[in-house]
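Below, chains carry the letters A, B, ... as their sequence lines are ordered, and counting in each starts from 1.
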Number of protein chains: 2
Amino acid sequence: MVVQERVSPTPALVQRLRDRLRQAVGAANVRDDAGALVTYATDSTPLARGQPDLVVFPATTDEVASVLRLADEARMPVIPRGSGTNLSGGTVPTRGGIVLVLTRMNRLLEISEGDLVAVCEPGVRTIELAEAAAARGLLFPPDPGSHTTATLGGNVAECSGGLRALKYGVTRDYVLGVQAVLATGEVIRSGGRLVKDVAGYDLRRLLCGSEGTLAVMTELTLRLVPAPESSGTGMAYFADLADAARAVSRVLASGVLPVTLEFLDQVCIGSVEDYARIGLNTDAGALLIFGQDGDAHAIERDMRRMAEACAAEGATDIRIAGSDAEAAELLEARRAVLPSLSRLEPLTILEDATVPRSRIAEMVQHIQAVARRHGLKIGTFGHAGDGNLHPTVVLDPADQHAVNSAHEAFDEIFAKAIELNGSITGEHGVGIVKLPHLERQLGADHVALLRRIKAAFDPHGILNPDKLGS
Amino acid sequence: MVVQERVSPTPALVQRLRDRLRQAVGAANVRDDAGALVTYATDSTPLARGQPDLVVFPATTDEVASVLRLADEARMPVIPRGSGTNLSGGTVPTRGGIVLVLTRMNRLLEISEGDLVAVCEPGVRTIELAEAAAARGLLFPPDPGSHTTATLGGNVAECSGGLRALKYGVTRDYVLGVQAVLATGEVIRSGGRLVKDVAGYDLRRLLCGSEGTLAVMTELTLRLVPAPESSGTGMAYFADLADAARAVSRVLASGVLPVTLEFLDQVCIGSVEDYARIGLNTDAGALLIFGQDGDAHAIERDMRRMAEACAAEGATDIRIAGSDAEAAELLEARRAVLPSLSRLEPLTILEDATVPRSRIAEMVQHIQAVARRHGLKIGTFGHAGDGNLHPTVVLDPADQHAVNSAHEAFDEIFAKAIELNGSITGEHGVGIVKLPHLERQLGADHVALLRRIKAAFDPHGILNPDKLGS
């Protein structure tokens with residue numbers, strides 16, 4: 001939501017660099033035509049736009065190293081990116097420079113059933129890996145909402161989450177090894193195929209979630225797990241959100257670690273029903289969707305326990321899908337939330353404030369109060385199991401008052417998340433959108449340390465300026 | 001195995017600092033008597049010894065911050081430690097200075113069933129947390145061999161592993177949040193109670209495994225999982241190690257992710273049987289011990305699949321424990337390895353070279369050939385599921401030729417681990433023992449980066465000098 005003032009490299013510098021880059025990666029892979037410059041001026045973040053000088057498409061680690069060495073010498077910003085599904089402005093070229101697009105590096109190099117790993121380049125899309133793994137009876141668990149479009153390089157750079165995090169963890173939990181190019185052109189490797197490896201500082205975990213500000217990852221070694229045999233899905237309505245929140249705690253206290261535990265507030269239920277007409281009860285205050293995977297026996301037991309936990313906390317109606325088709329129908333209620341909200345107004349802003357799951361009810365009540373106070377339409381849904389909420393405001397961007405109100409509302413929502421020992425961002429990243437809020441969560445000493453770490457990797461600050469570490 | 005030359009702070013400096021430290025943490029908690037100086041000159045690493053000037057026992061984060069500020073001003077080394085079960089010399093005070101013993105900070109502050117987390121100080125012993133979690137129906141999975149003595153602060157600083165890593169991961173996978181004091185006295189927090197939190201660089205993961213060289217952790221928030229209902233254990237003998245290694249791959253390819261998958265080579269089988277007389281077949285070339293936890297149904301299915309995989313790879317004898325007592329008997333074969341080897345000679349050196357599990361047979365054959373060539377007794381056992389091997393040499397330290405041969409043998413073993421895309425250390429840490437081998441694994445550019453990161457945290461290099469980042 002921030003458009004930074006552009007401090008542009010001079011045209012002469014850009015032209016000189018362009019010629020040298022063309023020698024390094026081939027003329028066709030260094031673009032400065034209007035089409036490329038417009039396409040790569042934005043990612044998927046509402047209202048965030050920059051203006052690149054050059055767009056470069058390298059094919060190998062050596063080419064990435066050449067580009068970075070040239071850019072570092074010229075003190076030219078480099079913004080690495082994949083498909084640009086980012087929602088925090090993390091890949092917006094706020095100061096011009098080179099957008100380094102890694103989608104040509106899209107080889108899935110290996111899937112090893114013996115070592116339970118995949119090795120791939122950063123431009124492989126998440127769904128490609130998931131499908132290739134599934135064909136071998138394996139699972140790559142991270143499943144961000146953008147998984148059909150997003151690349152694995154982007155997922156690792158942002159430490160993407162998704163629906164399965166409570167049971168399976170997030171992207172960081174699957175990064176065993178990385179090859180990366182530093183801003184000054186050196187190629188390093190951290191980790192590899194091993195679950196156990198403590199030789200050196202854990203740079204693969206530091207790079208995971210570093211949002212392209214520390215290094216450019218050019219090869220990933222990712223952990224896979226055996227695929228579950230089957231899965232089950234159910235839903236439960238509650239008169240109000242506090243009941244649903246207590247049901248979440250009761251489910252977890254019952255010894256079940258569910259693969260799915262999602263919720264919709266009343267705004268979202270109504271919006272989905274208006275849009276999809278799937279027969280939801282729009283009088284309910286909250287809807288929980290719960291699921292388990294594993295073998296049939298474990299699923300049956302856990303689904304029963306979850307249904308019992310919901311009943312004990314006053315669920316007004318509980319359904320367990322009896323078939324795959326019925327499960328798909330229940331999950332449709334969750335899938336349809338964002339499209340249904342998005343059609344209400346021209347602009348949708350989806351955030352990812354996160355709180356300990358014991359504080360979900362308090363947080364959602366706060367969000368609803370903030371929405372009322374500002375006269376905004378905010379629906380909240382998300383991952384109840386891990387406390388990762390998606391308060392989503394819809395508005396008309398031509399209505400400047402509404403835009404300002406949305407900024408104020410998110411300020412208040414982020415402040416509340418911090419107050420409840422939560423986070424301003426659970427899975428979307430800090431980017432440019434949340435950078436102004438970061439110090440409030442981490443404190444000045446911590447942010448100063450992040451800047452020193454950034455300088456240790458990138459002495460001239462060329463990698464993704466105006467983001468983390470700036 | 002390295003005793004570094006001591007560059008001692010001057011006696012006058014030490015005395016002045018001692019008086020100021022006594023004001024900060026209380027006179028009784030700053031010791032320089034012979035008893036303390038001898039006790040804290042070593043950890044559990046064979047042949048590694050330093051000489052501290054002062055031993056300080058802080059009780060609070062503020063006291064830790066005061067100690068670090070004073071030490072940083074005086075440019076005095078600070079070596080943080082807990083129980084000192086370290087096997088890589090990571091807590092040996094090679095340059096004198098202050099040994100900062102965190103065992104007084106031993107409060108288990110909270111176990112939350114709703115949020116599935118524990119909050120504790122670093123001096124809590126691993127087994128205390130495991131037992132407190134178990135009493136609430138929860139599991140803290142990391143179980144390093146030293147878990148009855150080791151502290152959680154030490155486990156996190158070393159990123160300890162253990163027997164359950166293949167299924168449950170290692171310590172890093174359970175660190176949700178840390179509070180830490182920087183060398184210059186600032187207190188920072190990274191992460192908290194959330195599975196999803198991407199606000200800032202992932203410092204909790206960077207600190208995990210940083211071996212006390214970047215900061216002193218004073219509070220830990222650790223993830224817990226629901227405890228499994230039950231567990232099963234079995235064993236299989238093989239004529240040679242290659243068969244056992246293929247069985248490991250077949251087990252994993254069968255879709256089972258076992259909680260236990262341990263192996264013993266022939267030297268270890270013979271040593272255990274000599275010592276414990278539990279009726280092992282000492283003619284076998286290798287012994288696999290396998291186990292699963294979960295519900296009774298899943299255990300039964302997975303134990304059957306693992307037994308079938310062993311049979312398919314030519315296991316000569318397979319047993320599944322029919323009772324807890326029988327399971328304990330099978331596990332005794334694994335537990336007795338180290339004590340049985342240790343009694344053969346006065347000195348036991350246990351290493352933790354790690355390889356991708358598909359390379360285990362090749363690695364163990366290499367270790368056996370190295371042992372023969374050097375005329376050394378080396379038994380190898382360890383975690384077949386994650387490729388974390390424990391080649392263990394026993395010798396008489398008075399025999400200087402044997403000591404030199406052991407150094408050469410481990411040089412060759414570490415080189416082979418690197419060649420096989422493995423690691424010189426899977427779970428014990430780099431410490432002083434493996435620091436000379438680190439650049440061979442990581443390369444000069446990577447090691448230079450580690451030094452810059454170290455400087456970003458600890459500008460005067462006071463924290464645990466001569467270790468990682470030096």
Side-chain angles (χ1 to χ4, degrees), chain A residues 113-116 137 158-159 161 165-166 169-170 172-173 186 188 192-202 205-206 208-210 225-226 249 252-253 255 257 295 297-298 354 356-358 386-388 421-427 429-430 438 441-443 445-446 449-450 452-453 456 468, chain B residues 113-116 137 158-159 161 165-166 169-170 172-173 186 188 192-202 205-206 208-210 225-226 249 252-253 255 257 295 297-298 354 356-358 386-388 421-427 429-430 438 441-443 445-446 449-450 452-453 456 468:
Chain A
E113 286 127 319
D115 287 339
L116 291 175
E158 297 294 320
C159 189
L166 172 62
V170 295
R172 77 168 70 84
D173 300 302
E186 304 98 308
I188 62 162
R193 302 168 81 93
L194 307 175
V195 174
K196 286 181 177 167
D197 185 357
V198 292
Y201 298 138
D202 196 344
R205 304 287 175 127
L206 182 63
C208 185
S210 65
V225 296
S249 291
L252 296 169
L257 203 61
D295 69 43
H297 180 267
T354 304
R357 69 178 75 84
S358 55
D386 54 39
N388 181 202
N421 291 317
S423 177
I424 56 174
T425 175
E427 58 183 9
V430 172
L438 189 65
Q441 179 170 333
L442 300 182
D445 287 337
H446 189 148
L449 175 62
L450 299 187
R452 296 197 298 275
I453 294 171
L468 260 185
Chain B
E113 284 126 319
D115 287 338
L116 291 175
E158 298 294 319
C159 188
L166 172 62
V170 296
R172 77 169 69 84
D173 300 302
E186 304 99 307
I188 62 162
R193 302 168 81 93
L194 308 175
V195 174
K196 286 181 178 167
D197 184 358
V198 293
Y201 297 138
D202 196 342
R205 304 285 176 129
L206 183 62
C208 185
S210 66
V225 296
S249 292
L252 296 168
L257 203 59
D295 70 44
H297 181 268
T354 304
R357 68 177 77 83
S358 56
D386 55 38
N388 180 201
N421 291 318
S423 176
I424 56 174
T425 175
E427 58 183 8
V430 172
L438 189 65
Q441 178 170 335
L442 300 182
D445 288 338
H446 189 149
L449 175 61
L450 300 188
R452 295 197 299 274
I453 294 170
L468 261 184

Taking atom CZ of B/R172 and atom NZ of A/K196, what is their separation to the nearest 0.5 Å? 10.5 Å

Top contributor to chain A interface from B/V195, B/I188, B/L468 [non-hydrogen pairs under 4.5 Å]: B/L468

Quick one: what part of A/L438 sits under 4.5 Å from any heavy atom of chain B, side chain, backbone, both or neither? side chain

I'd like to know which of A/G137, A/G192, A/A165 tops the heavy-atom pair count under 4.5 Å against chain B. A/A165

Residue among A/S358, A/G209, A/A298 with most heavy-atom pairs under 4.5 Å to chain B: A/S358

Do you know which of A/E113, A/E158, A/H297 has the most heavy-atom pairs under 4.5 Å to chain B? A/H297

Using a cut-off of under 4.5 Å on heavy-atom pairs, state which of B/P356, B/G443, B/S249, B/C159 scores highest against chain A. B/P356

Heavy-atom pair count under 4.5 Å with chain A, highest-scoring of B/D445, B/D202, B/T425: B/T425

Closest heavy-atom pair, A/P226 versus B/G255, reported as atoms and distance to 0.1 Å, is CB-O, 3.4 Å

Kindly compute the distance separating CG (A/D197) from CG (B/D386), expressed to the nearest 0.5 Å. 11.5 Å

Between B/L257, B/L194, B/N421, the one whose heavy-atom pairs under 4.5 Å with chain A are most numerous: B/L194

What part of A/E186 lies closer than 4.5 angstrom to a heavy atom of chain B: side chain, backbone, both or neither? both

Check each atom of B/Q441 against the heavy atoms of chain A and say whether the ones under 4.5 Å are side chain, backbone, both or neither. side chain

Can you measure from CZ (B/R205) to SG (A/C208) and round to the nearest 0.5 angstrom? 8.5 Å

Heavy-atom donor-acceptor pair, B/R357 side chain to A/D115 backbone, under 3.5 Å: yes

Is A/Y201 reaching over with its side chain to a backbone N or O of B/L449, donor-acceptor style, under 3.5 angstrom? no

Would you check, one step at a time, whether the test side chain to side chain contact (heavy atoms under 4.5 Å, CB included) holds for A/V170 with A/E427? CA-CA 9 Å; A/V170 295; A/E427 58 183 9; over 6 Å; no

Between A/A253, A/S210, A/G161, which shows the greatest number of heavy-atom pairs under 4.5 Å with chain B? A/S210

Under a 4.5 Å heavy-atom cutoff, which of B/D295, B/L442, B/L206 has the most pairs with chain A? B/D295

Chain A interface, residue from B/T354, B/L252, B/D173, B/I424 that has the most non-hydrogen pairs under 4.5 Å: B/T354

